[in-house]
> 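Please find one structure pasted underneath; my questions will follow.
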Amino acid sequence: MIRQYDKIKDMDLSFETKLVDHKINEMDTGRDLTQCICHVDMDAFYASVEELDDPSLKEIPMAVGGMHMLCTSNYKARQFGVRSAMPGYLALKLCPQLKIIPLHFPKYRAASAKVRAIFAKYDPSFLPMSLDEAYLNLTNYLSTSELTPEQLVQQIRDEIQQETQLTASAGIAANRMLAKICSDFNKPNGQYFLPMEREAIMKFTSNLSIRKVSGVGRVTERVLQTLDVKTCGDILHRRAILYRLLSPISFQFMLKCYLGLGSTNFNLESDRKSISVERTFSALSKPDDLYRKVDELAELLAVDLGRNQIQGGKTVGIKLKLTSFDVRVRSKTYPSYISKKEDIARIVKELVQKELPVSIRLMGIRLSSLPPKVDDDHGVKKYFKKRKNTDAGEEQPRKISTVPSSPVSVLTSTSVTPDTHLTASIAANENAPSIVAVTCPICSRSLALDNHQFNQHLDECLNKVTVKAILQQQQQNQSPPQDQTQGRSLLDYYR
DNA sequence: GCGGATCAC
DNA sequence: TATGGTGATCCGC
Ligand SMILES: Nc1ccn([C@H]2C[C@H](O)[C@@H](COP(=O)(O)OP(=O)(O)OP(=O)(O)O)O2)c(=O)n1
Ligand SMILES: [Mg+2]
């Protein structure tokens with residue numbers, strides 16, 4: 001894609017610009033500002049639930065999880081850089097006083113149920129995204145009430161606090177994408193209202209970091225940064241380039257970011273497409289050990305199948321994470337549904353066997369191509385679709401990639417290089433493959449990287465300011481001849 | 001349909 | 001000592 005970019009960047013793209021402008025105009029005109037969408041997100045959820053049972057935890061840095069992995073942390077701990085999905089033992093290096101509390105899922109489920117009961121009062125069709133998070137469409141409720149959106153959401157949050165002693169943050173806006181971002185604006189224990197008006201929305205997005213948009217993760221952020229796109233507003237300046245470089249789906253998603261468009265309706269009860277189970281363990285490589293794992297996982301998966309009343313799946317897949325952390329996925333599709341644990345185990349073992357020899361730290365098994373959901377609703381009713389939502393291609397961000405063959409490249413000729421997946425092409429097409437030994441000015445590690453890799457490394461280092469500041473502080477404070485390995489491993493984690 | 005990858009939570 | 005688990009989507013074959 002970099003190569004494509006180099007080729008395109010100096011071309012005259014007035015034609016593309018005109019075409020894109022027309023599309024933008026179309027989308028802008030179709031904007032739906034009639035709905036009032038609210039995103040509610042509980043604050044430091046698991047940690048806050050733990051603080052209910054032990055209020056002394058509120059005063060100290062605390063995280064929930066184990067030495068292997070933390071699920072979340074309270075806000076005191078976040079000041080030290082302790083976050084979700086961080087190994088506990090590394091978090092302890094950032095914050096030696098950190099107290100780690102084991103997970104208590106039944107408590108989180110109970111708290112979640114209370115919160116959801118409140119959601120249901122204001123929107124019976126609310127859309128839960130996880131135990132601690134949901135979207136509500138408040139349009140109907142507001143039409144029967146004198147309250148302003150802000151007053152109503154304040155009331156909902158008050159009610160949550162009364163019922164659970166837990167605090168929530170909320171965002172109110174014209175669609176899900178915006179409401180989600182707004183809920184983060186005044187977190188914790190706050191709310192933000194973005195008026196359902198075009199001007200307010202355009203002002204809001206113009207300066208908004210693209211990374212705030214759900215669906216734009218670390219990788220996508222970096223790629224867009226390469227194209228000088230840091231905010232949603234930047235998308236307009238680079239619209240022609242983006243049109244040429246991105247797939248139609250990705251480009252459409254970018255325009256939606258620029259315009260602040262998003263879905264307003266909730267596709268409840270969409271069919272599940274796969275069911276899986278995976279486990280991490282200390283390294284295994286002996287075939288007998290691997291096959292024993294297969295049996296354990298097949299048993300778990302079979303139970304889960306029954307619990308969810310799923311007949312089976314036609315596609316059986318495995319996932320192996322090597323001790324190098326490389327991941328391999330393999331799958332095979334059959335003409336009939338697989339469901340018995342013995343059948344699952346047999347097929348999975350065949351798939352595993354082909355990968356031998358391997359040394360792995362994780363094994364996962366998965367069934368997909370599941371049967372269409374059984375409606376326990378009999379009779380002809382089901383033939384009259386309860387179509388609450390006819391949105392085709394609704395909320396599909398993800399996967400920035402090169403456009404297969406843009407309309408223009410068809411005109412301009414020649415089968416250009418087969419466009420590869422974005423990340424692959426960045427690695428492969430990097431114009432200066434010369435690997436150079438350099439020393440990172442931030443983490444002081446010597447690195448053997450090409451130019452692009454080095455820049456990525458710098459980005460990472462700069463993104464982790466909090467972590468590094470604390471690390472350096474610790475290195476200074478502690479006796480000089482100390483764990484070189486500890487500092488290194490922590491930085492490796494943020495590679 | 002397959003495999004790699006990204007993303008949310 | 002120690003770097004999770006589940007499900008979805010997208011891309012290019
Ligand atoms: N990678 C992750 C992210 C989150 N969670 C769990 C723990 C969180 O408590 C819960 C909710 O996720 P959030 O992203 O909403 O994080 P918190 O609610 O903990 O914090 P906050 O919303 O205040 O930022 O999901 C997890 O297990 N693994
Ligand atoms: Mg939360």
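Here is how names work: the chains are called A, B, and so on, in the same order as the sequence lines, proteins then strands, and each is numbered from 1. The structure displayed is predicted, hence computed values, not measured ones. Note: hydrogens, waters and symmetry copies are ignored here, and every other heavy atom, side chains too, is used.
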> Rounding to a whole Å, what distance do you find between Leu245(A):CG and dC11(C):C1'?
15 Å

> Any side-chain N or O of Ser130(A) under 4.0 Å from OP1/OP2 of dA8(B)?
no

> My understanding is that only residues two or more places apart in sequence, or in another chain, count here; which of them pass side chain to side chain donor-acceptor pair (under 3.5 Å) with Asn175(A)?
none

> Examine dC7(B): is either OP1 or OP2 under 4.0 Å from a nitrogen or oxygen in the side chain of Lys180(A)? Give yes or no.
no

> Which is more 5' along DNA chain C, the nucleotide nearest Lys319(A) or the one nearest His68(A)? Just name the residue.
His68(A)

> Any base atoms under 4.0 Å from Lys314(A), or only sugar-phosphate, or nothing? Heavy atoms, all strands.
nothing

> Of the options dG3(B), dC2(B), dA8(C), whose atoms approach the side-chain atoms of Thr315(A) most closely?
dC2(B)

> Does Ser331(A) place a side-chain N or O at less than 4.0 Å from the phosphate oxygens OP1/OP2 of dC2(B)?
yes

> Would you please confirm or rule out a distance under 4.0 Å between OP1 or OP2 of dC10(C) and any side-chain N or O of Ser250(A)?
no

> What integer distance in Å separates Ile181(A):CD1 from dA8(B):C1'?
14 Å

> Round to the nearest Å and state the distance from Tyr135(A) atom OH to dC9(B) atom P.
6 Å

> Nearest of dG5(C), dG4(C), dC9(B) to any side-chain atom of Leu362(A)?
dG5(C)

> Quick one: Met86(A) CE to dG5(C) P, roughly how many Å, whole number?
18 Å

> To the side chain of Arg211(A), which of dC9(B), dA8(B), dG1(B) is closest?
dA8(B)

> When you check the phosphate oxygens OP1 and OP2 of dT6(C), does a side-chain N or O of Ser274(A) lie under 4.0 Å from one of them?
no

> Side chain of Asp132(A) only, please: which of dA2(C), dC9(B), dA8(C) is the nearest?
dC9(B)

> What is the distance from CG of Leu367(A) to C1' of dG7(C), rounded to the nearest Å?
14 Å

> Atom CD of Gln252(A) to atom C1' of dC10(C): distance rounded to whole Å?
15 Å

> When the distance from CG of Leu320(A) to C1' of dG3(B) is rounded to whole Å, what number comes out?
13 Å

> Under 3.5 Å, side chain of Arg176(A) to main-chain N/O of Tyr135(A), donor-acceptor pair present?
no

> With the side chain of Ile275(A) defined as its heavy atoms from C-beta on, choose the nearest nucleotide among dG7(C), dG4(C), dG1(B).
dG7(C)

> Applying the side-chain hydrogen bond (donor to acceptor under 3.5 Å, both in side chains) criterion to Asp43(A), which one of Thr72(A), Asn189(A), Thr167(A) satisfies it?
Thr167(A)

> Taking only side-chain nitrogens and oxygens of Arg330(A), does any of them come within less than 4.0 Å of OP1 or OP2 of dC2(B)?
no

> Of all the nucleotides listed (dG7(C), dC11(C), dC2(B)), which has the minimum atom distance to the side chain of Arg366(A)?
dG7(C)

> Mind checking the P distance from dT3(C) to dA8(B)? Whole angstroms is fine.
24 Å

> Classify the nucleic acid contact of Leu70(A) as base, sugar-phosphate or nothing, counting any heavy atom under 4.0 Å across all strands shown.
nothing

> With a 4.0 Å cut-off on heavy atoms, is Leu131(A) in touch with a base, just the backbone sugar-phosphate, or nothing at all?
nothing

> Compute whether any side-chain donor of one residue and acceptor of the other, for Asp41(A) and Ser169(A), lie under 3.5 angstrom apart.
no

> For Lys340(A), does the NZ atom sit with more than 12 other heavy atoms under 6.0 Å from it, leaving out its own atoms?
no

> Among Thr231(A), Asp234(A), Ile235(A), Thr205(A), find the residue that satisfies the side-chain contact (heavy atoms from CB on, under 4.5 Å) test when tested with Ile210(A).
Ile235(A)

> Taking only the side-chain heavy atoms of Ser276(A) (C-beta and beyond), determine which of dG4(C), dA8(C), dT6(C) contains the nearest atom.
dT6(C)

> Which residue, Ser270(A) or Met67(A), contacts DNA chain C at a nucleotide closer to its 5' end, judged by nearest heavy atom?
Met67(A)

> At less than 4.0 Å, is any side-chain N or O atom of Arg361(A) found next to OP1 or OP2 of dA2(C)? Yes or no.
no

> If you check the Val219(A) side chain, which of dC7(B), dG4(C), dG5(C) turns out closest?
dC7(B)

> Holding to side chain to side chain donor-acceptor pair (under 3.5 Å), I want the full list of residues that pass it with Ser48(A), two or more places apart in sequence or in another chain.
none

> What is the distance from CD1 of Ile100(A) to P of dT3(C), rounded to the nearest Å?
13 Å

> From the list dT6(C), dC2(B), dC7(B), which nucleotide is the closest neighbour of the side chain of Thr220(A)?
dC7(B)

> Report yes if a side-chain nitrogen or oxygen of Ser247(A) is closer than 4.0 Å to either non-bridging phosphate oxygen (OP1 or OP2) of dC11(C); otherwise report no.
yes

